[in-house]
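Down below is the structure, laid out as structure tokens.
Side chains included, hydrogens not; waters and symmetry mates left out as well; all remaining heavy atoms used. All ligand and atom numbering here is 1-based and tracks the order in the structure.
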Amino acid sequence: MLVIHVVGARPNFMKFAPVWRALSARPRVRQFVVHTGQHYDANMSDVFFQQLEIDAPDVNLQVGSGSHAEQTSEIIRRFEPVLLQHKPDLVLVYGDVNSTVAAALVCAKLLIPVGHVEAGLRSFDRTMPEEINRLLTDQLADLLFTPSADGNRNLAREGVCETKVHLVGNVMIDTLVRMLAAARNSIPADLPPRYVLVTLHRPANVDDLAWLGQMLRVLGDVGESAPVLFPVHPRTRKRLAEAGIQPAGSRVRILDPLPYISFLGLQTRAAVVITDSGGIQEETTYLRVPCLTVRENTERPITVEIGTNHLVGRDPERVRAAAIAILAGEAKQGDIPPLWDGHAAERIGTVIAGSAGG
Ligand code: UD1
């Protein structure tokens, strides 16, 4: 059988890598990788393929940036001929980015089965573009691979037939488990013994320049207790420049986006991680590192219920109080969710091989 994987943005690559590897071990499966080009800077894309030891994509659609409508429609337009040419038996899409929903829609119209890896997550906040992408992709998918049981419950509520849904665990954790030793070895010798790690990139946060300025001031204050390391997404860097915001004091170090292994290495030893990312909520839970999520909701409630994640909202003062409390030793203990064990992609491989009759 021929499986086409569609990836496009940074958080796709670590989810796709273990599935590609698991399917590579199955002699009856042929694979073809399409990169939409949603992310194109070398440090947002190429470096992940190198570090995760996956072959370069077979095709790059080079859609680049644009409004949601422009980006999504370009992916749809450029992906259709690839499907018509290769006629795959299954297309796999990952996560909740624009590339995910665009590819799923093309498949549905051409009656090509589509599998969604990381199905069923819901923030119940339709102002988030990712929530729209999740809802639509799950309605279109023929195979839905969920990372946790809340995903199955959400899909059942939306009327998705349960025979399509497979609780397999978290593929992002597969990659973490595989790369953990390399990540620990990558930690620079001159890293401070105690530090705070920060990522902020969501438009709802960083496009609000007054909020961004306030957050930087709070990070400067937190930096009095422990140095703050802040690798910035290209969007955030632009906004900081537009607003003329300087990091508050030398205790906040602004860095370029980091490769997967370096960033994972920094997470393993952080005293606390402050983020608005989805995947980092999961990685910190697995690593049992305290995480403050600077959002009003999360599509990954299990990281709050049983992991080390705290949902602090968009209130910089709450971020300050929570970070200082954790630095003073008040961190909650967390557990690792079921099936976040490094073998989710193998379970996906078993389901796919079964669906192809062997
Ligand atoms: C996308 C995902 C988001 C994910 C994030 C991870 C959607 C709707 N959003 O958001 O869920 O958390 O990726 O990074 O798909 N840019 C560059 N170089 C690049 C890529 C982007 O400079 O290689 C800049 C461009 O100015 C671009 C902006 O970043 O306009 C945003 O990129 P885009 O792909 O639209 O969304 P992200 O914010 O990265």
side-chain contact (heavy atoms from CB on, under 4.5 Å) between L200 and W211, worked out: CA-CA 12 Å; L200 296 169; W211 182 91; 4.3 Å; yes

For L266, side chain to side chain contact (heavy atoms under 4.5 Å, CB included) partners two or more places apart: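 L266: side chain to side chain contact (heavy atoms under 4.5 Å, CB included) contacts with L191, Y195, L197, L229, L258.
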
Show me which atoms of ligand 1 lie under 4.0 Å from any heavy atom of [X].
X: H68; answer: 8 (C)
X: K238; answer: 25 (C), 26 (O)
X: M44; answer: 23 (O)
X: V97; answer: 2 (C), 7 (C), 11 (O), 15 (O)
X: Q71; answer: 34 (O), 35 (O)

Proximity to ligand 1 by part of S99, non-hydrogen separation under 4.0 Å: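 Looking at S99 and ligand 1, no heavy atom falls under 4.0 Å.
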
Within reach of ligand 1, part of H39 (heavy-atom separation under 4.0 Å):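 Both backbone and side chain of H39 come within 4.0 Å of ligand 1.
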
Audit row: E282, N170, side chain to side chain donor-acceptor pair (under 3.5 Å) steps and yes/no: CA-CA 9 Å; E282 299 180 336; N170 192 326; 3.1 Å; yes

Sole candidate of R295, E130, E131 that passes side chain to side chain donor-acceptor pair (under 3.5 Å) when paired with S123: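 Filter result, single survivor: E131.
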
T303 side, atom OG1; Y286 side, atom OH - distance, nearest 0.5 Å: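 Interatomic distance, T303 OG1 to Y286 OH, rounded to 0.5 Å: 16.0 Å.
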
What protein heavy atom sits nearest [atom], and how far away is it?
atom: atom 3 (C) of ligand 1; value: E130 OE2, 3.2 Å
atom: atom 24 (C) of ligand 1; value: P234 CB, 3.9 Å
atom: atom 4 (C) of ligand 1; value: H201 NE2, 3.8 Å
atom: atom 29 (O) of ligand 1; value: H233 CE1, 3.6 Å
atom: atom 8 (C) of ligand 1; value: N98 OD1, 3.2 Å
atom: atom 18 (N) of ligand 1; value: D41 OD2, 2.9 Å
atom: atom 19 (C) of ligand 1; value: Y40 CZ, 3.6 Å
atom: atom 25 (C) of ligand 1; value: S65 OG, 3.4 Å

Residue pair S262 / S186, side-chain donor-acceptor N/O under 3.5 Å: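 Judged by distance alone, the side chains do not pair up.
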
Side chains of T100 and N133, donor plus acceptor under 3.5 Å: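 No, N133 and T100 have no side-chain donor paired with an acceptor closer than 3.5 Å.
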
Short N or O distance, Q38 and ligand 1, threshold 3.5 Å exclusive: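 Indeed, backbone or side chain, Q38 has an N or O that close.
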
Flag if over 12 foreign heavy atoms under 6.0 Å of CZ, R30: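 Counting other residues, nucleotides and ligands, CZ of R30 stays at 12 neighbours or fewer.
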
Plane angle bin for H86 and F32 - parallel if under 30°, tilted between 30 and 60°, otherwise perpendicular: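 Tilted: the ring planes of F32 and H86 meet at 30° to 60°.
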
Results of ring-ring contact (aromatic ring centres under 6.0 Å, His included) for H201 - residues two or more places apart only: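 If we apply the ring-ring contact (aromatic ring centres under 6.0 Å, His included) test to H201, skipping adjacent residues, the hits are H233.
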
